[in-house]
Every structure is written in C-alpha cells, then in structure tokens.
There are 2 protein chains.
Amino acid sequence: MKQTGDLNLVKKINKTIVLHHIRTDSPISRARIAEITGLTKATVSSLVNELIESSLAQEIGVGESSGGRKPMMLLFNGTAGYAIGVDLGVHDMLAVLTDLTGKVIREKRIQHHNESVNQVTQLLKMTIRELIETAPESVYGVIGIGLGVPGIVDEEGNLLFAPNLGWENVPMQSQLEAEFGLPVVIDNEANAGAVGEKQFGAGKETANLIYVSIGMGIGAGIIIKNELYRGATGFSGEIGHISIQHDGPKCRCGSLGCWELYASEHALLEQAERELGHEVDLASLLTKAESGDAGVIKLFERLGYYLGVGVVNIINGYNPEFIILGGRLAGGEKWLMRPLLDLLEKRSLPHPRKQLKVEFSELRDRSTVLGAASFAVTKFFASTTVSVERS
Amino acid sequence: MKQTGDLNLVKKINKTIVLHHIRTDSPISRARIAEITGLTKATVSSLVNELIESSLAQEIGVGESSGGRKPMMLLFNGTAGYAIGVDLGVHDMLAVLTDLTGKVIREKRIQHHNESVNQVTQLLKMTIRELIETAPESVYGVIGIGLGVPGIVDEEGNLLFAPNLGWENVPMQSQLEAEFGLPVVIDNEANAGAVGEKQFGAGKETANLIYVSIGMGIGAGIIIKNELYRGATGFSGEIGHISIQHDGPKCRCGSLGCWELYASEHALLEQAERELGHEVDLASLLTKAESGDAGVIKLFERLGYYLGVGVVNIINGYNPEFIILGGRLAGGEKWLMRPLLDLLEKRSLPHPRKQLKVEFSELRDRSTVLGAASFAVTKFFASTTVSVERS
DNA sequence: CTAAGTTTGTTTAATGAATTTACAAACTTT
DNA sequence: AAAGTTTGTAAATTCATTAAACAAACTTAG
C-alpha cells in the first residue's frame, strides 16, 4: 500500500530536511536554512525550535553578519544519544560506541574461534553490553545497534547463510532485540562497508558508489542516489559469484569460474601455498612483499589483474561513479593498484568510464563497523522524526 | 535540492494514488477507494470529482450493492489522449499510436537502410507525423512521444552512442521536441522493453524483474520495486559487456570475452556462417531448425548454454525475481530454453534462485515499442497531476 | 409492504501546517 | 546619527485533510 499524504507527512518531510541541513551544513542559521530549502523563515523557525526542544539541535552563539542582525548559529547535538556498531568477522569482531555524528567514543576488538553459533553470540552480547554500560549519560541513551555480518540477511534480520562462518538461519535481529530491548539493524558486511565509506570515508561526496569487500570471499555494497541498493529480496550483490570464466573451476556455489576463486584473499593464499609449498597467512605475505620478494609481489600483481577483470564487469553492469576497494586485502594496495588500473584503462567501455574513480578504502578495517553504527543512527532518525512530531 | 512538503504536495500524492486505483482496479467506487487507501470518503470524493472534471475518470453507471445504496462505478478514461511509441531498430522501426491505457490504435512498421542519421531521422519524423495526424479527436490530443533506441542515452535525451547504428551524439529529444512541440522521452530499447513487459507483458505481477534483450548485441533493462533502475549517470545495464571469459576474444568495447560475443544474434550468425560456409540470416536458421536440421539445432542449444552463463551472472549480481528474455532471438525459445534451464539448475546460488522465474517474452517484438509509449503516458501523468491541481 | 439496517457519497465544521505580510531587534555602513 | 540590511518572530490567511453528521438509495427480515 502506498503511503497517503496528510499534514503529518508534510511536517515530517520538512523537519527531516531542516534536520538534514543542521547535520551536514552546520554551523548554520535559521535564515540560511530557509534560503537553501525554499521554506519560509517562519516555518524553519518553528521546526528548528521543536528540534531544539527535543535536544537534537542547539544554539551555539551568534555568527558573523554581512550588514544586518547577526544570525544565531545552530549545531547538531551529536551527544543527544549513542549508537553501537559491530563488524562480525570470521575470526574476530570489532565493536564501537559512537555518538550520533558517528564519532567513535570507544572501540573493542575481540578474537574468537567460531566454535559454535551460541558461543559467538554470547561473546557478541557481552561485548555489546559492555559498550552500552560505558556510554555517557545522554537524553536518548543508546538508541540502537547495527551489525554487519559476512553473509546473506533477509528483511527480518535473519542471517540466512554465512558460508565462512558455517552458519545458517540465525535469527540475529530478534535475538538481540530481545536481549537489549533496543532497535537492531543487521546487514551484510559489504553493505555496511558501503554505507561507512559513503558517510565517513572516501565516498562522502559521491551519490553513486560501489564498495567491494575483498576478504575470504568477495562481496559488494551498492549505493545509488545516496541509497543502499538491495536486490529484489533484500540481498543483492553476490558479486563474488559472477563468473569470469564460464568453463573455469567449480565453485562451492555450484557455478564455474566465479570471480572470488581468482581475486579473493582465499585465492591468494591458495596460490601462495601452491608456489611456496607450505601454509602462509596474509600478514606474512604482506611482509614478504614489503621486503621485496619478487615471487610474492608477482602473486599480488596477478591478483590485481583478476581484481580488474571483475571491476570491469562491475563497471559495465552497474555503471557507478566510484569504486572503493576494501576488506583486508586492501593492505596490498601498493602492488595491486597498478595492474588493476592498467587493465581498466585497456578494457572498460569509454562511456561509462568517463568519470570513474577507483580507490582503496580510507577507513581500512573500520568501513563496516562505522556503517553498521550508521544504520542504527539512521533508523533512530527515521523513527523519531515521526514520533517527535506527534507531541 | 530535496523537495519540501506543502499542501500542494499532499494533494498531488493523494490524487496520484486515487488515479492509480482508478487505472488499475477499475471499475471501482469512491467508497472502495477510500477503504483501500485509508483516505476519508470526503477526500476521495473531492479528488475523484476533479479527475472527472479533467476528463481522466468517468462514471460508468451503478454497480451491485451488498445491502445498501448502490455504488457509482468509476472508469479510467483511456481515450482522453493518445501517445506515440517508437522502437527504432538497426534496420527497421516499429511505431504505434496507443491510448492512455496502452491499447494499440494504429501500428506502422518501416524498413530503413540506415544510410545516414539525417535520413533515418527524417523517416522517423514522417512516421510520427503520420500517426499524430490519424489520432482520434480527444481532450488532450497526442500527449507525448516515447522512443526506444539501441544505444546509450543521457539524461537530456541525447543518444550518446549507438554502435549498431553507427551513431554518436545525436540530440534526439530536443530535435523531436522542436519538431512536434510535444514532450519526448528517449531511452535505451532494453529499458523500454523492461517497462513494456512490466506494464503489459509477463511482468505485470512482479515488482522486480530484468528484461534481457537479445539482438545484435545484448542489453538489459532492470526494474526494481516497480521502477526502472538506471546507473549513476542514467544509463546502466551494459550487461552484454560483462566478461564471461577473462582471457577470451577481443570485443569492440575493449574488453575480452564479453557475454554478447557468445550469446547474441550476431554470435549465432557468425558461428553458423563458419560452420555452413555461407552467409545466413536469423529467419533462415529458424526455418532450418524448425525442419529438424540437427546442426542448426545444435547451434541454438549452444547459444542457450551461453545465455545461461550470463543469466547466472545476472542472478548473482542483481538478484531479480523474474528474468524475461526478449529481442529477436526469442524466436528460438524452443531450442534455447532447455539447455538454459539445465545450466541454471546446476549453477545458480540456492538462495537467490529460490523464487526465480525465467521466461521468454510474451509481447515478442512489441515489448520495446509499448514500453516507449508507456514512457510518454507516465510523463504526461507526472506533469498533469501537478498542473491540474493548480486550477 | 413496511420497518430496520446498510452502504454510498456529500456537506459542514474543525484541525493544523505552510505561506504571506508585517514588524521588532540587532547589526553595518555612510 | 541616519539609512539600509539581515535575522527571527507574530498575526492573519490559505487550503487539503479529517471527523462527524446526514441524506439518498438500497437490501432484507418479518
């Protein structure tokens, strides 16, 4: 059912717009908001005063005048509440407490051995509880929890399938909501990463971007017109399983020649082990490359080539303005970048490529956790802007 | 800038909703609309009366009662205006005059030899003018022109690049608007086809679908949540240039092993010519296959396999509910379908595949032209719903 | 055939958010 | 000090929706 229009809706729309400007363009005056938005000064004044009353905005003092009464500058009150973000990894979890602007107040990183769903969930709950307890006093308190997971999540926040964790059908959202009595948002780690980069990282200025998370597998979060794009059923971007060789080796997904068989951390390690004859991990490979080991550098360069092959497919399939490469493999940027760019130069269509940027993540391993916290904040505003207006 | 809210907006929203129900659920009474939408009877009554006044709705007579006053049934007035749709092909164009419901009133199919942009454009204008002149008398007359083209179009309706026509940078929209003084919408033929299938074809009941147009090249139109998805810069879905073999043969786009090198009409003909030793066209191949020519049937089956490879990529990358295969090659459905479905069964991820349908187009070569006409109608409603409400 | 109940659609008054207009306060510039 | 600018608030007006009441038109039970 489509949402019908009424006065409530109008107020909600305008209040959201005013709050948006206070959040992003602050410090800003009432008059300036009226000018930018096209709303009258009276309307802006009234909405701003309600926002101040609900502690989301505050007056910070007078600003500079350009030949008239000095404006009263407004600031978003980032400490009216706090959010929890968690990046649940295969062998570790990173959790943060942020304020409403996304500023990290506290951070906890914990290893786990993924013995069972239950054990990891217990650890997760403990970690979240600890962060909640250390949150500073504030008007709204902790307003919600966001969680990025390495797997497929449905619209009800059930973790349907997480191959690298070996989990299936875990009702994460309802479990956590029951435990803490707070709103919980769960999404794929690549989606969270995309939002993290969009809000706080390299993608701040870009409306359309794709965040490619290169870890054990490859995932992607797609942002179109400033919004996360989800496929039909809420999960999209199983981009690691786009085949780059139709008669290639068999993938556990059933298909042949999937991109992540060639360009993931797992692919790199496997290749390295075959060539070196013993088990290795990513950290040691990075060290070796750093010290000039030609064989290992070659491995990275080859990975760069394969990354490029998939990136060209992304460009042709989605036509983004900006591709951000993240995940743990981003540490190999130094050796991956050149072969990747060479390949793009050669192979991508001229029209889509015109204004394309490709970069490695700025936030490194924090994209996902910050995006997760941002989910919680977004959900909070989506709900309060309605309820506040009812008062 | 975000759109602010005011009473105008509210009315526009509600009027659009009411009109939507009259268009899709008719015959329907005012009371029933109020019930479905949640608007009050008074509001619905007022909006319906305005729609009647502007000739977009009409009262058709009383309906059946269930124990009270009989309802006055409402109908959408499809003949309040007419739209032109054109599917501009590489060697022909198909043009239709439809009413506002999309019903075809008149159809013209014309061959052309694509001698020059100018000549084809002249032919296009002649064809459109003829259809306009034969349009029945109506309140709004011909309300706009929609055009599907085999190439990349920007937001201003410039045809940037149409490789199979050999055209570049043609300001189609402004040319046609200047010529006819009517609103013109231009889009890629695959996008138009997707909208056509969504409105009038196999996709009527589906909110998320991908229409794959298999012609000389391969294109795709993507509909997510009932809306056409466009990439960052307005054109997306150059899906034919997703590589299915990273070290495959060189494509004119610069990349290697593009899908359309394996699964397009062009690929089929090339293959056939190599095996048969002389030039052939699609029609003759279809005839041969129909008469049981094992060699030709084998060619189609192989094409089916390659179609499947790309379709699996689409599934993993976009996660649609429904894939509709259209374009001229759809005529080979009989031999393409089985190998394609076999491959899907084997290779696609279990989760996305769960509720997936794959079908060949119902509308055959009319998907694009109907979608194009529908663009014009949609644009008309988007504009009138505003202007009508100002009166 | 009548009375009671139901359903439809209109009328009237109330609500409330934005706009328009006016204005006071607080500045800068000449 | 006077004139002009800019900011923010106040009062009156506008207008689409809602709520409540109601008239008209119909079905059904007895």
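Excluded from the calculations below are hydrogen atoms, water molecules and symmetry mates; all remaining heavy atoms, backbone and side chain alike, are included. First the proteins, then the strands, lettered A, B, ... as listed; each starts at 1.
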Query raised in the report: Can you check the A:Arg32 CZ to D:dG8 C1' distance for me, whole Å?
Result: 17 Å
Report summary line: Contact string for nucleotides 10-15 of chain D, one letter per nucleotide 5' to 3', B = base within protein heavy-atom range under 4.0 Å, S = sugar-phosphate only, - = neither, reads B----B
Requested in this report: Just compare D:dT18, C:dG9, D:dG8 and give me whichever is closest to any side-chain atom of B:Ser29.
Outcome: C:dG9
Report summary line: From NZ of B:Lys15 across to P of D:dA16 the rounded distance in Å is 10 Å
Requested in this report: Give one of base, sugar-phosphate or nothing for B:Ser46, where a contact means two heavy atoms less than 4.0 Å apart.
Outcome: nothing
Report task. Would you kindly give the CZ-to-C1' distance between A:Arg30 and D:dG8, to the nearest whole Å? Result -> 7 Å
Query raised in the report: Atom CG of A:Leu9 to atom P of C:dT15: distance rounded to whole Å?
Result: 22 Å
Report summary line: Of the listed C:dA17, D:dT17, C:dG9, the closest approach to the B:Met72 side chain comes from C:dG9
Query - Nearest listed nucleotide, side chain of A:Val10, among D:dA16, C:dA17, D:dG8 - result: C:dA17
Query raised in the report: Which of these nucleotides, D:dT27, D:dG8, C:dT8, is closest to any side-chain atom of B:Arg69?
Result: C:dT8
Report summary line: Residue pair A:Lys41/A:Ser65 against DNA chain C: nearer the 5' end by closest nucleotide is A:Lys41
Query - Nearest-neighbour nucleotide for the B:Lys70 side chain, D:dT7, D:dT27, D:dT6 considered - result: D:dT27
